[in-house]
Amino acid sequence: MRKAAYVQYAQAVPLKYAIDSANCIYFQKGKCRACEKVCPTKAVDFTQKPETVELNVGSVVIAAGFKPFDPSRFDSYNYANYKNVITSMEFERMLSASGPSMGHVARPSDHKDPKKIAWFQCVGSRDLNKCDNPYCSAVCCMYAIKEAVIAKEHAGAGGLDCSIFFMDMRTHGKDFEVFYEGAKKQGVRFVRSRVHTITEDKATKDLSVRYVTEDGALAEETFDMIVLSIGLETPPETVELAKKLGLELTSGRFAQTGSFTPVSTSREGVFVCGAFAGPKDIPQSVVEASASAVSAGQALAEARGALTKTKEAVPETDLRGEPPRIGVFVCRCGINIAGVVDVPSVVEHAKTLPGVVFATDNMYSCSQDTQDTMAQIIRDNRLNRVVVAACTPKTHEPLFQETLINAGLNKYLFEMANIRNQDSWVHKENPEAATQKAKDLVRMGITKAALIEPLPEAELDVNQTAMVAGGGISGMSAALALAGQGYETHIVERSDRLGGQALNLHKTWRGEDIQAKLAEMVAAVTKNPKITVHLGTEIAGVDGFVGNFKSALSKGGQTTSLDHGVAVVATGAGELRPSGYAYGKSPRIVTSLELDKKFMANGALVTGLQSAVFIQCVGSREPERPYCSRVCCTHSIESALEIKRRNPDAGVYILYRDIRSYGERETLYRQAREAGVIFIRYSVDRKPVVEAAGDTVGVTVFDPILGRTVQIGADLLCLASAVVPNDNTALARFFKVPVNAQGFFVERHAKLGPSEFATDGVFLCGLAHYPKPIDESIAQGQAAASRAITLLARKKIRMNGQVAKTNPALCSSCGVCVSVCPYKAPSFTTQGPFTGKAEINPVLCKGCGLCVASCRSGAINLKGFDTNQIMAMLEAM
Amino acid sequence: MKGLLEHMGIEPGRLHFSWISSAESTKFVDVVSQVTESVKALGPAQNFIKREPKVA
Amino acid sequence: MSEFQPKIVAFLCNWCSYGAADLAGVSRLQYPPNIRVVRIPCTGRLSPKFILSAFRRGADGVWASG
Ligand SMILES: Cc1cc2nc3c(=O)[nH]c(=O)nc-3n(C[C@H](O)[C@H](O)[C@H](O)COP(=O)(O)OP(=O)(O)OC[C@H]3O[C@@H](n4cnc5c(N)ncnc54)[C@H](O)[C@@H]3O)c2cc1C
Ligand code: SF4
Ligand code: SF4
């Protein structure tokens, strides 16, 4: 149990304590108030009361999330009674270095290292018998594999046996399939079976389970620990909230949205994102968060900025010719630092150092009032360099730099000494050494500070126009979102028509007619006065950088130039042309998209079908294409149901490896089974065999449940072929953005930056990122626009001042910097006295220092990390 | 680099390189401990130090 | 106190090892107090000059981590 005074979790922002009134002695018994007495800043206020605040708003975004499923309801797993049966959430906490067991996995019953752990999948998911959750929770397969792999790594040489019991392994996310294959190689065992009961040995507390293997045999096994991979569900409070707001919910109690309006609820002006809009993982939640922000903003575009106040800039003091006057602030951070490091002695030490004219300690340097005091001190003492010894520059440097700016100092005249994260917190047992280390770090910081110079920041206008490469639905939804916020947008589409792959698709999994919706979308784009569509046009080259791109557009041999501030890459993907399975040998053998076309045209082949077979994972999840194409399972199920709708008596077979109808798509899978579609699993080393002779197609497959080979005569064979990226090499080169081994673009961050590139000003969405269905492509199109708007809205951007600069007098024109820089910032000067010497574009430079270290003539310096500054720090050590 | 140092009389065990991602705090601790141990084992550095009166 | 306590200069990359060091603090992991960290923007910035200079200034060890 946590204490009554607590922080939510170690990484909470802000990292502040709160009082849990349910566990506080004062709130419960009326006496104590010990915390009030010890708090040095008098921050404890017992008089605070809950209050109701009324806000007048134009849009609402609901991101109420989920609650992990509580398995105590299941008596068969005895989670409530067996100590060694735990949930995946509890296991996750065990693995966490800042968790209750400091990252050590121990059996709850006797704290011994477990030797054998099992995971049970789909607990509280895909289950209408023991609970009311028909959907797949979409995240548990992947987290179970991750937990098993990490647990194995932690156990090291001691060895740990990990088994995952599952029904279908759903690793449909980007790079997940590779991780799954890797886990198998690392010895994680995968058992396809749903276990029904666990029994505990009363003496040893070991857990034994009985299960039926796929071929019908009964097996029994004992484990030290069992982890229940619990699913996600909407908590009753959120269901209540939705009712109050009048929002429609799905059968799984998630917010009802549409495939073409993925973040809009049934009520106008109310938007959703994250797990309340259906179970999903972090990247998809982040995509929807951006999408809902842009959608919520669209309705308010006219009022934008009406209530914002612009801060008045304090003019920067001119320091030329002044000797350093250094101010040192040593932070106590409550007891976080002062509890270990002798702060007053560090302050005294600082006062003895050359250049220091002021030194003091602060209780909490980051609090607003301390910030104001610091600004005042800087002005009163005419300080021109500031050193703060406190937490870490990684989180707090921007805050203190803001204080400098408010005091009229250039923000680079600042240095931080990390005496908390890298000192007091990690040397608790050794206060003497920690104090010595703090003094050394402060001295190094002061010595560096004496040498730092104010740095100018290049300021640039951001061209207020956007270019979207690709006119599929993700590109169109990005363009509509950008135009909706008032930005001029150009769509560059290579083919002679808008729509992309969606033109080939029949229905979504929710049953929406794609062509009708697509036509509405194309009409909205075409008649939007802010959007210009360039059909039959290719991008022939891109110059410039964030805020100021210049692209060459070529159409029918003519090249024009387009200036734009941001770019969205939405160039999509295509369907693999299958090789094998007798594709091309019979008109009865088609791909998923070809089948959709036949449905739309009501062709002869799809009328009066008596039997149809689907083969899944054609070209996907293979060594040469080690990813899951994500859309094909649901697509085939939808097509199978379409055939059943047309002829309920038709025999329809889906031959699959794992059915990956993730999230609420699972309900479609159930419908298909209820409608009589037959699902037969095949394994990758025993693929189905297809024979096409004359007008007949025969499929032979081994059925692991029947334990024998089955032969099916098919009127139609549909191959669920892989989604394959277009050739993106040229575009990747133009925008200096990466593609992965499979040819999909690589986003800035797999979890937190899915819709943008690491290159500033370039954004990403749709199939070009990874295979995904229409709703997810649209959400990501909106997300890319949302991210782009955060840049456009600033109108001007300031570039980092810590950039590299050449000294042309020393430069030997060897060109190493030009070739070594990952951002293409250095180039040879073409004009003036230094023609032929290297120069560095401060706007492109990211300040990584690679060129500085590689320059043999010592002609490059990195501002803010100058050689003399680092040397001085070493001297002071 | 290590070869160069050795040439100048500095034991290779005094110089360490590693690669740690920002999420690997436990690896960080392992490496710090191991680096400290190995330098400790060599004792104070004797060579190559500029012998000059210590300031600061 | 009689045991030899070496001084070790640690050049840590801002994006990688420096972040790991911060996180070690957040997790309250404990380690020997002998390193003095110099934050550098990327190990690319690390030139041999710095390593030599560290030894020259009396460091007992140097650790460079990307
Ligand atoms: C085989 C297959 C089956 C699918 N089944 C389903 C399904 O059942 N349900 C579902 O919801 N979704 C399904 N999808 C996914 C759906 O098609 C996509 O989510 C959606 O259409 C993606 O849109 P997009 O804009 O990202 O890409 P695309 O539709 O591919 O559009 C990209 C556009 O960019 C253009 N382009 C490419 N390169 C350039 C360039 N260099 N310059 C300019 N223009 C360029 C292309 O001509 C194209 O018009 C399926 C996809 C495939 C391939
Ligand atoms: S199949 Fe779905 S519900 Fe079951 S464990 Fe995997 S992700 Fe979770
Ligand atoms: S058919 Fe497609 S979605 Fe299903 S598992 Fe294979 S590649 Fe993944």
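Order of the sequence lines fixes the chain letters, A, B, ..., with proteins taken first and strands second; residue numbering starts at 1 for each chain. Any value given below was found using the heavy atoms of this structure, including those in side chains, with hydrogens, waters and symmetry copies removed.
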Asks: Using non-hydrogen atoms only, which part of B/S33 is less than 4.5 Å away from chain C: side chain, backbone, both, or neither?
Replies: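 Both backbone and side chain.
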Asks: To the nearest 0.5 Å, what is the distance between OH on C/Y31 and OG1 on B/T36?
Replies: 9.5 Å
Asks: To the nearest 0.5 Å, what is the distance between CG on B/L42 and CZ on C/F4?
Replies: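 B/L42 CG to C/F4 CZ: 8.5 Å, rounded to 0.5 Å.
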Asks: Any idea which heavy atoms bring B/V29 and C/Q30 closest together, and the distance?
Replies: CG1-O, 3.6 Å
Asks: For B/V32 and C/I35: C-alpha separation, side-chain torsions, deciding distance, then whether side chain to side chain contact (heavy atoms under 4.5 Å, CB included) applies.
Replies: CA-CA 8 Å; B/V32 187; C/I35 57 164; 4.1 Å; yes
Asks: Just how far is it from atom CD1 of C/I51 to atom CZ of B/R14, taken to the nearest 0.5 Å?
Replies: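 So the gap between those two atoms works out to 14.5 Å.
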Asks: Tell me whether the rings of B/F28 and C/W63 are parallel (<30°), tilted (30 to 60°) or perpendicular (>60°).
Replies: tilted
Asks: Taking every non-hydrogen pair under 4.5 Å, which of C/G19, C/G25, C/P32 racks up the most with chain B?
Replies: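 Greatest number of close heavy-atom pairs with chain B: C/P32.
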Asks: When only pairs under 4.5 Å are counted, which of C/A10, C/C16, C/P6, C/G61 shares the most heavy-atom pairs with chain B?
Replies: C/C16
Asks: About how many Å separate OG of B/S38 and CD1 of C/I8, when rounded to the nearest 0.5 Å?
Replies: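 Reported value, rounded in 0.5 Å steps: 7.5 Å.
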Asks: Starting at NZ of B/K27, measure out to CG of C/L23 and round the result to the nearest 0.5 Å.
Replies: 14.0 Å
Asks: Might you point out which heavy atoms bring B/S25 and C/S27 nearest each other, and give the distance in Å?
Replies: OG-OG, 4.3 Å
Asks: Assess the residue pair C/S65 and B/V31 against the criterion (side chain to side chain contact (heavy atoms under 4.5 Å, CB included)); give the C-alpha distance rounded to whole Å, side-chain angles, the decisive distance to 0.1 Å, and a yes or no.
Replies: CA-CA 10 Å; C/S65 191; B/V31 181; 6.0 Å; no
